[in-house]
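In what follows, every chain begins at residue 1, and chains take the letters A, B, ... in the order their sequences are listed. Values below: every heavy atom of this structure, side chains too, minus hydrogens, waters and symmetry copies.
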There are 2 protein chains.
Amino acid sequence: MGRAGRTGGVTMHDVAARAGVSIKTVSNVLNEYPYIRPATRERVEQAIAELGYQVNLSARNLRRGSTGIIGLALPELRLPYFAELADSVIGAAEREGLTVLIEQTGAERTRELAVLTSAQRQLTDGLLYSPLALDLADLTSLRLDFPMVLLGERIFGADADHVTMANVDAARAATEHLLARGRRRVATVGAHPGEASGSAVLRLQGYREALEAAGLPFEPALVAEAWFWNRAAGAAAMDRLLDSGVGVDAVFAMNDALALGVLHALHRRGVAVPEQVAVIGFDDIEEAQYSAPTLSSISPGRDQIAQTAVRLLRERIDRGDAAGPPRTVVAEFTVVARESTATS
Amino acid sequence: MGRAGRTGGVTMHDVAARAGVSIKTVSNVLNEYPYIRPATRERVEQAIAELGYQVNLSARNLRRGSTGIIGLALPELRLPYFAELADSVIGAAEREGLTVLIEQTGAERTRELAVLTSAQRQLTDGLLYSPLALDLADLTSLRLDFPMVLLGERIFGADADHVTMANVDAARAATEHLLARGRRRVATVGAHPGEASGSAVLRLQGYREALEAAGLPFEPALVAEAWFWNRAAGAAAMDRLLDSGVGVDAVFAMNDALALGVLHALHRRGVAVPEQVAVIGFDDIEEAQYSAPTLSSISPGRDQIAQTAVRLLRERIDRGDAAGPPRTVVAEFTVVARESTATS
DNA sequence: CTCAGATCGTACATCGTTGTATAGCGAGCG
DNA sequence: CGCTCGCTATACAACGATGTACGATCTGAG
C-alpha cells in the first residue's frame, strides 16, 4: 500500500525540531491558538514552509473525531440533473470549508440502503441524501444516528432535515403554463402508477389540480408512465402516446430528461414543436437552453437548494445533535418559458 | 464538531470484551488473518454483529498510511463529458475497492495547481488528473511524489502515467466522415489559436490532415475559435461563421457540447441539418443520442478510459512506486454516425 | 520587593487501529 | 520421551495529531 500523508513524510516532530519548539506548539500555530509569541509563530511558520510540512489528515481526523467530509448520495452522475446538483453542492461545501464524497446508488434499493450503513459513511461527518427507491419505513427502521439532510421528494416526514421544493405547486404551474397557451389536450409523461410517494406522485397531483381548476377532465389515457426518468423513457412514452391515437397538443414531462426524450420522439415523427405539440419539462438543466427547440421548464433553484442543504447539514454537524427536531426548507421555483411552449 | 466514527462509538475493545478475546484478534478477523480457529472467528463475528461494530476508518488510515481513496480532479461536473467520466471512474474504482473524491478546478490555473498541493490531496492515495489550463512545465517543476495518472490531452511527456486517446487520428476520422459524405466546405469549431498543446491543437491538426489528404485547401476562415467548450460558445462560434458569409456545408465541432451549440444556432437560423450543414461532434455524450437531429460523434470509449486509468493508478499505489517509468495508454475510438451527418 | 494574574510553552495521555514479537499449546517425528 | 514445528492468540508499541494539566516566564500592583 502506498503511504498517504506523503509530502515527504514530514511530521510535526520534524517541524518542531527545526523550529526549536515542542510539537504541541507547532500544533498550536496550526490551530490558531491565541497565546503564541509572534517570534515563535514566525519561526514555526518558517520551518513549516522550509520543510513543506502538511498536517496528516488521517491523524487529525482520528484525534478530532471528525473529518470535514460530507457524503452526497445520489442515483447517477450520468443524469444531468444530479451532475448539476453535485456541482452546486461541491461549490457550496467548498465555501463552508467542507469536502464532498459522492456515492452513486443507481437508484437501487439495496445500494441506497448500503450507503447508510457502509464503512464509508463513517469517514464522513454527515450525509446529503437523495434517495429514489427507499421508503419512509426503511429510513425510520434504521434509527440513524448521524447528521443527515434529505433532498428531493421521495421521502417526507422522516426524522431528518429536508430540502425540497413545492412539487405540487410547480407541476401545477407547469401545466397551467400550457393551458394558458390555449392547449386543451395536455398529456403528462413520467407517472409511476401504484406508487404512494415520490416526485412522480406529487407532480401528477399538480397536473390534476391544474386541469381541475381549468374545468378540464382528467383522462388516464393522457398519462404516460415512465419509471426511469431518462431520455429513452421519455421518447418511448411519447411514442406510446402518439401510437395510442389519443389527441395531444401539449406535454408536461416530469423532468427535463423525459422532456428531451419527448422532443426527440416528436422530432423523429415529424411533429412540430410547439406548433402541434407544446412541451414543458422540469428541473431546468443546462441542456434545456440548447435543445432544438429550446425547452421550457421549471427551475428549482438548484444553487439555493445546494447551499441550503449544506448549511443545514453543517449546522447539525457543528451543534453535534444528530437528533433534534427536523427542519424542512421548501425552495422557490420559477417557470422558465422557452421555444417549446412559445405561442405565436 | 460532530463525532465521526459514530455507529454508536463501538470500538474494537468493546467487541473484544464481548467475544472474550484480545483486540488484535478482532483486528485479525477483520483483516482475514489466516490463523484463527473457526470457533473464535465465529464468536468475534457474532459480537461484531450484535454491537453493530464498524472499523474506524480514520484510525485505520492513520495506522495503515493509506486511505483507499483516490482523487479525481476535473474542470466541472456541469460539463456532461466530465459528469459521465466521473460516473465511469466511480464505477471502475468501486470494482477495485476504491473510493473517489472529486475535486473541481473550474479549468482555472490556480485551482488546478492547488489540487496538487492541497491538504486534501493528502487524504488520498493517488490522483486521476484532468487538467485543462496547466503546462507540462508547471507539472515538472513541482516534483510530485504521489501516484498520479493523467487524463486527456492537455499535457504530454510528464513523468506520470497517462491515459489518452488518438486525438489526431480521431479528429481526422471525424473530418473524413464529413468529406466522405460529399461535403467540401468543412468548418471546425473550438480552436484555441496560439496554444501549443491540448486537445484543441491536436484536433485541429487531425482536421488539417484530413483536408490535406483529400486535396482540399486549409482555409483559416473556416476555423472558428471557442475557448470554452460549452454549448454557448459553440452557438456563438456558429453564428460568427454564418455571419461571416464564408460558405459552410459541414462542421466538425471539437466536442459534443460545442456541437450541440452549433446545432442550436443552426436551428435558430433555420438552417437544415444535415441537408444544408452536416455536423459531427466529439466525446459521444449521452445527449448526442437525443438531440434533434441526433448527433454524430467520436466515441472515445469512456468506460475503457476510466477502467484503465483506475487500474494504472492502483498498480502504482500497490507497488508503492510513485516514480517508475511513466506508461501511456491510448484508448480506441470509433466514429458513431447519426442523423446530423446522414446522407440522402 | 513580592506576589497574583496573565502569557507562553511543554510533557503526557489519548484517539482506534494494525505490525512485530512472542508465548502457549498440541501434534508429529526421531 | 523430548524436541521441533505449525498453529492460535496475545501484549505492546507504534501511526501523527490534539486536549489537558501544569510548569515557566513576564507584567504590574501593592
(request) Please step through salt bridge (Lys or Arg N to Asp or Glu O under 4.0 Å) for the pair B:E112 and B:R154, ending with a clear verdict. (result) CA-CA 12 Å; B:E112 287 192 351; B:R154 175 66 195 176; over 6 Å; no
Nucleotide [N], atom [atom2] - distance to [atom1] of [X] in whole Å:
X: B:H13; N: C:dT14; atom1: NE2; atom2: P; result: 11 Å
X: A:N56; N: C:dC15; atom1: CG; atom2: P; result: 18 Å
X: A:I23; N: D:dT18; atom1: CD1; atom2: P; result: 9 Å
X: B:Q54; N: C:dT17; atom1: CD; atom2: P; result: 11 Å
X: B:N61; N: D:dG16; atom1: CG; atom2: P; result: 13 Å
X: A:Q122; N: C:dG16; atom1: CD; atom2: C1'; result: 10 Å
X: B:M12; N: D:dT10; atom1: CE; atom2: P; result: 13 Å

(message) Checking B:D303 now: which residues fulfil salt bridge (Lys or Arg N to Asp or Glu O under 4.0 Å) with it, not counting sequence neighbours?
(response)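 Checked B:D303 against salt bridge (Lys or Arg N to Asp or Glu O under 4.0 Å); zero matches.
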(request) Indicate yes or no for a side-chain donor-acceptor contact from B:D125 to the backbone of B:I70 under 3.5 Å, with no hydrogens or angles considered. (result)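 No; judged by distance alone, with no hydrogens or angles, the pair does not exist.
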(message) With a 3.5 Å distance limit and no angle check, can you tell me whether A:S27 reaches the backbone of A:I23 through a side-chain donor-acceptor pair?
(response) no
(message) Quick check on the helix from C:dC1-D:dG30 to C:dG30-D:dC1: what's the angle between its two end axes, five base pairs per end, to the nearest 10°?
(response)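 What I find for the helix from C:dC1-D:dG30 to C:dG30-D:dC1 is an axis angle of 60°.
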(message) Under 4.0 Å between a side-chain nitrogen and a carboxylate oxygen: does that hold for A:E94 and B:R111?
(response)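 Yes, this pair counts.
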(request) Mind listing the residues from residues 24-46 of chain B sitting with a heavy atom below 4.0 Å of DNA chain C? Number order is fine. (result)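 Under 4.0 Å from DNA chain C: B:K24, B:S27, B:N31.
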(message) Is A:R60 close enough to D:dT18 that one of its side-chain N or O atoms is under 4.0 Å from OP1 or OP2 there?
(response) yes
Other residues, nucleotides and ligands only: do more than 12 of their heavy atoms fall within 6.0 Å of [atom1] on [X]?
X: A:E108; atom1: CD; value: yes
X: B:E50; atom1: CD; value: yes
X: A:E96; atom1: CD; value: yes

(request) Tell me which nucleotide among C:dT18, C:dG16, D:dA17 gets nearest to the side chain of B:R64. (result)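 Given the options C:dT18, C:dG16, D:dA17, the side chain of B:R64 is closest to C:dT18.
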(request) Of all the heavy-atom pairs spanning A:A107 and A:A133, show the shortest one and how long it is. (result)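 Minimum heavy-atom separation between A:A107 and A:A133: O-CB, 3.5 Å.
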(request) Specify the residue among B:R63 and B:G20 whose closest nucleotide of DNA chain D lies further upstream toward the 5′ end. (result) B:G20
